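One structure is given here, and the rest of the page talks about it.
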Amino acid sequence: ISQYERLINDYLRNNRPIAPVAQAPAPGISVARQLDEILSQGTWTTILKPDIQLGLIDHDDIGKFSTVVFQEPGKFNSRTIGLVSEYLPPQKILDCLAQISGHPGLRALFLSDEEIAAAPAGSLDNAHAKGHKCFEHIDEMVDIQELAQMIPLTSFRDFLEREKHRVRMF
């Protein structure tokens, strides 16, 4: 989590917002941060476990949800609502990217607890190394069924299909 995200989240926790606030359920894993490895080697080496469900959000879904909030502000007043379009494990994210990019065989490489513990100090010094445990229950932090009743949610595959002219891989 960046220092700015931390400041905003601390402010929101300590000050009751007048308007509803939509926020991610936890610090997101940015596949974009891993693109160098994905592009050069076709792999994503991660400390996450294979069954971890990562929350993905389509920017259009944020807009749709914002419209609902502005139409019925009283319904959402003083609520903090996490937004997710779909939950997918890392390998399924790569499968979707592979299908849209036409580059089959992208794969997630999951480090074991032993490999993580044995890694030299600083080698896994990124935003996820110390906080990866928070992702074990991230799919419990957003009521995706409630969101789906409010707006049509976009799957990651549909998002990539719609944005494929912007998805340039390899």
Side-chain angles (χ1 to χ4, degrees), residues 1-35 38 44 46-97 99-100 108 110-111 113 116 124-167:
I1 188 167
S2 75
Q3 94 181 41
Y4 300 108
E5 289 173 294
R6 187 174 299 116
L7 287 171
I8 291 168
N9 285 333
D10 287 348
Y11 174 81
L12 293 174
R13 249 189 309 281
N14 296 321
N15 299 283
R16 290 194 170 269
I18 295 171
V21 175
Q23 66 182 44
I29 291 235
S30 173
V31 174
R33 292 179 187 163
Q34 309 302 325
L35 274 180
I38 294 169
W44 173 13
T46 180
I47 61 175
L48 298 172
K49 302 301 177 210
D51 59 339
I52 293 291
Q53 299 291 309
L54 298 175
L56 304 168
I57 185 80
D58 178 359
H59 58 276
D60 284 355
D61 288 355
I62 295 170
K64 289 185 268 185
F65 180 77
S66 297
T67 300
V68 170
V69 169
F70 283 113
Q71 290 173 342
E72 300 180 65
K75 181 178 177 181
F76 300 98
N77 197 24
S78 298
R79 286 184 66 189
T80 300
I81 300 172
L83 298 179
V84 170
S85 298
E86 181 177 32
Y87 287 109
L88 289 176
Q91 185 58 56
K92 289 205 179 194
I93 292 171
L94 292 178
D95 293 344
C96 291
L97 286 169
Q99 181 182 15
I100 296 302
F110 301 96
L111 297 176
D113 291 337
I116 294 168
L124 296 177
D125 191 20
N126 61 51
H128 318 304
K130 296 182 180 102
H132 73 282
K133 293 289 184 189
C134 74
F135 290 102
E136 291 178 5
H137 302 285
I138 198 166
D139 57 336
E140 299 168 12
M141 299 181 76
V142 172
D143 187 345
I144 200 165
Q145 303 304 336
E146 179 185 23
L147 287 173
Q149 291 175 3
M150 291 183 229
I151 61 170
L153 297 172
T154 307
S155 71
F156 186 55
R157 186 177 308 279
D158 288 347
F159 165 79
L160 290 174
E161 185 63 42
R162 184 187 74 224
E163 301 291 329
K164 70 180 170 184
H165 63 285
R166 294 187 177 138
V167 178

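If you're wondering where the values come from, they're calculated on a predicted model, not measured in any experiment.
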Tabulate below the donor-acceptor pairs under 3.5 Å that side-chain atoms of residues 147-156 make, not counting sequence neighbours, or state none.
residue, atom, partner, partner atom, Å
Thr154, OG1, Asp58, OD2, 3.2
Thr154, OG1, Asp61, OD1, 2.9
Ser155, OG, Asp158, N, 3.0
Ser155, OG, Asp158, OD2, 3.3

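Under the 4.5 Å side-chain criterion, counting only non-hydrogen atoms from C-beta, Ile81 is in contact with Phe65. At least one side-chain heavy atom of Trp44 sits under 4.5 Å from a side-chain heavy atom of Pro90.
A search for side-chain hydrogen bond (donor to acceptor under 3.5 Å, both in side chains) contacts involving Glu161 returns Lys164, not counting sequence neighbours. Here Asp60 pairs with Arg162 under the side-chain hydrogen bond (donor to acceptor under 3.5 Å, both in side chains) rule; sequence neighbours left out. Residues passing the side-chain hydrogen bond (donor to acceptor under 3.5 Å, both in side chains) test with Gln71: none are found, sequence neighbours excluded. With sequence neighbours excluded, the residues satisfying side-chain hydrogen bond (donor to acceptor under 3.5 Å, both in side chains) with Gln91 are Asp95.
Here the CG-CG distance, from Leu56 to Leu160, works out to 9.0 Å after rounding to the nearest 0.5 Å. Residue Ile62 holds its CD1 atom at 12.0 Å from OG1 of Thr67, rounded to the nearest 0.5 Å. Atoms CG and CD, on Asn77 and Glu72 in that order, are 13.0 Å from each other to the nearest 0.5 Å.
No more than 12 heavy-atom neighbours from other residues, nucleotides or ligands sit within 6.0 angstrom of NZ on Lys92.
Closest of all the heavy-atom pairs between Phe110 and Leu48 is CD2-O, 3.1 Å.
For residues 145-155, the set of pairs meeting the salt bridge (charged side-chain N to carboxylate O under 4.0 Å, His left out) definition, not counting sequence neighbours, comprises Arg79-Glu146.
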